[in-house]
Number of protein chains: 2
Amino acid sequence: MSIQRENKRDEVSAAVVSRLPKYYRCLRDFLNNDKLRVSSKELAEAMNTTASQIRQDLSSFGGFGQQGYGYNVKTLYTNISVILGINDTYSAVIIGTDRLGAVLAKESVFSKRGVILRAAFDSRSENIGKEILTDIYVRDLSELENFCKSCVIDIVVMTDYPEYAERLNNCGIKGIWNFTGAQLELKNINEDISVQDVFLGDTLMMLCYKINMKQKEKS
Amino acid sequence: MSIQRENKRDEVSAAVVSRLPKYYRCLRDFLNNDKLRVSSKELAEAMNTTASQIRQDLSSFGGFGQQGYGYNVKTLYTNISVILGINDTYSAVIIGTDRLGAVLAKESVFSKRGVILRAAFDSRSENIGKEILTDIYVRDLSELENFCKSCVIDIVVMTDYPEYAERLNNCGIKGIWNFTGAQLELKNINEDISVQDVFLGDTLMMLCYKINMKQKEKS
DNA sequence: TAGATTGTTAATCGATTAACAATC
DNA sequence: TAGATTGTTAATCGATTAACAATC
């Protein structure tokens, strides 16, 4: 119970977490421009927010700055990388190899984040056996569980077959990156597994909404 | 000034807007299951939120329900579709035809939302001229502005060349769906143009963060 | 030492939840 | 009419912003 409470206290709000990647990108740009130090005011301008928020956010992970000086860009960048777990290596498999799946396999987004693709799965016979990436041949979906168990797989990238998610409960995986466009049944998924949704269709709908609003404002 | 104020008052918060696509998906599922009516309580359960939030959200667009009865699924679905502008037709072009661009072109996400792809652009000579979709051949990026002006293009899907965004200011486009992984320079982009970002890398970073947190909690 | 800028505490603002009168 | 459930107002909660003492 005391540990529970400890965790609760240390827990960082979802709002802050959602801003971390933006901090990371922004600091990376500063670093690439050989900037050595940055104040919360400067960071705020670059990120289109307030200096207060920057300091509040960063202090929730401990103080990375120095009064009168600001933040050392390199140090802050390194710290945020560690917080995000970006320097670690992850092994991954892809489920669904049509279109989106095939492309994600080739995407640099994986290698940039230390994610190594180990295998790809599909249940359509016309896809099975295809080489979607050097030395990565599409396997039958029915092999998925055994594969994850025998190899050590951290991340499952789902681009199809959302109903397969719960089969991953006892395969030792740590996270699901969900592109299926369907809400996974979280109540059937092991609590140890983190789920990150990407609803592409939702973002297109929101764009349509914004476009429509602007039209209406005018009239 | 009175109109300005009117708009301000009618403005729906970003939090509500971000939930609209979820309402839409949820109601579509109910509709597919031939459900005729739904209460805020039921909807809340399906959407993993509170009945209060459902009623609060929906009332910000006007009352779609009926005391003692709830909401008619079909009516609510139609209303949300109209709010999202989902039944309208949009014409679009894609910038960048490597990997992600090529796949998005083929994705059903477009046709599902009434988005018709008119053209694709790239500046790499090896890509130009390729047929990435039936009758859609990759054009030279330099033709982009003239093309958008002459045809009536609503949406530009950017998968590359983020620096090109500001060139779209006077082409009459209404929205940019940004997959470039770079923050577009909003101060250089016409206010009439809505921008919807999709930072895939950010979502992967957030997944890594969650995975790491769970590991730390255990130890 | 003086100026700058942090980390943190307090104030404000907005979003979510609860309560309930209105009414189908 | 009685029961159900909305739309809306009020209460609570959390996140953002402002202020400032601490200190490099």
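Please read these numbers as outputs of a predicted model, since none were measured by experiment. A, B, ... follow the sequence lines: proteins, then strands. Residue 1 opens every chain.
Residues from residues 15-40 of chain B lying near DNA chain D, meaning a heavy-atom separation below 4.0 Å, are B:Arg37, B:Ser39, B:Ser40 in numerical order.
Scanning both residues, A:Ala120 and A:Ile132, for their nearest heavy atoms gives CB-CD1, 3.5 Å.
Between B:Tyr71 and D:dG7, a side-chain N or O to OP1/OP2 separation shorter than 4.0 Å is present.
Residue contacts for A:Phe61: at a heavy-atom cut-off of 4.0 Å it reaches no nucleic acid atom on any strand shown.
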Please list every donor-acceptor pair under 3.5 Å in which a side-chain atom of residues 203-214 of chain B meets a protein atom from a residue at least two apart or in another chain.
{"residue": "B:Thr203", "atom": "OG1", "partner": "A:Trp177", "partner atom": "NE1", "Å": "2.9"}
{"residue": "B:Thr203", "atom": "OG1", "partner": "B:Leu200", "partner atom": "O", "Å": "2.7"}
{"residue": "B:Lys210", "atom": "NZ", "partner": "A:Val195", "partner atom": "O", "Å": "2.9"}
{"residue": "B:Lys210", "atom": "NZ", "partner": "A:Gln196", "partner atom": "OE1", "Å": "3.0"}
{"residue": "B:Asn212", "atom": "ND2", "partner": "A:Tyr90", "partner atom": "OH", "Å": "2.9"}
{"residue": "B:Asn212", "atom": "ND2", "partner": "B:Cys208", "partner atom": "O", "Å": "2.9"}
{"residue": "B:Lys214", "atom": "NZ", "partner": "A:Glu191", "partner atom": "O", "Å": "3.1"}
{"residue": "B:Lys214", "atom": "NZ", "partner": "A:Ser194", "partner atom": "OG", "Å": "3.3"}

Under 4.0 Å protein heavy-atom contact, by nucleotide of nucleotides 17-24 of chain D - B base, S sugar-phosphate only: BBBB-BBB

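Taking 4.0 Å as the cut-off between side-chain N and carboxylate O, A:Asp57 and A:Arg19 count as a salt-bridged pair.
Judged by a 6.0 Å distance limit and a 45° cone about the ring axis, B:Arg25 is positioned over the six-membered ring of A:Phe199.
Counting only residues at least two apart or on different chains, the side chain to side chain donor-acceptor pair (under 3.5 Å) pairs with a member in residues 26-36 of chain B are B:Lys35-B:Glu42.
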Pairs: protein N or O with nucleotides 11-13 of chain C N or O, under 3.5 Å:
none

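Side chain of A:Asn72 to main chain of A:Thr75: a donor-acceptor pair is present (N/O by atom type, distance under 3.5 Å, no hydrogens or angles). Counting only distance, with no hydrogens or angles, the side chain of A:Arg37 and the backbone of A:Tyr69 share a donor-acceptor pair below 3.5 Å.
One axis for each end of the helix from C:dG3-D:dC24 to C:dC24-D:dG3, each built from five base pairs, and the angle between them comes to 10° at 10° resolution.
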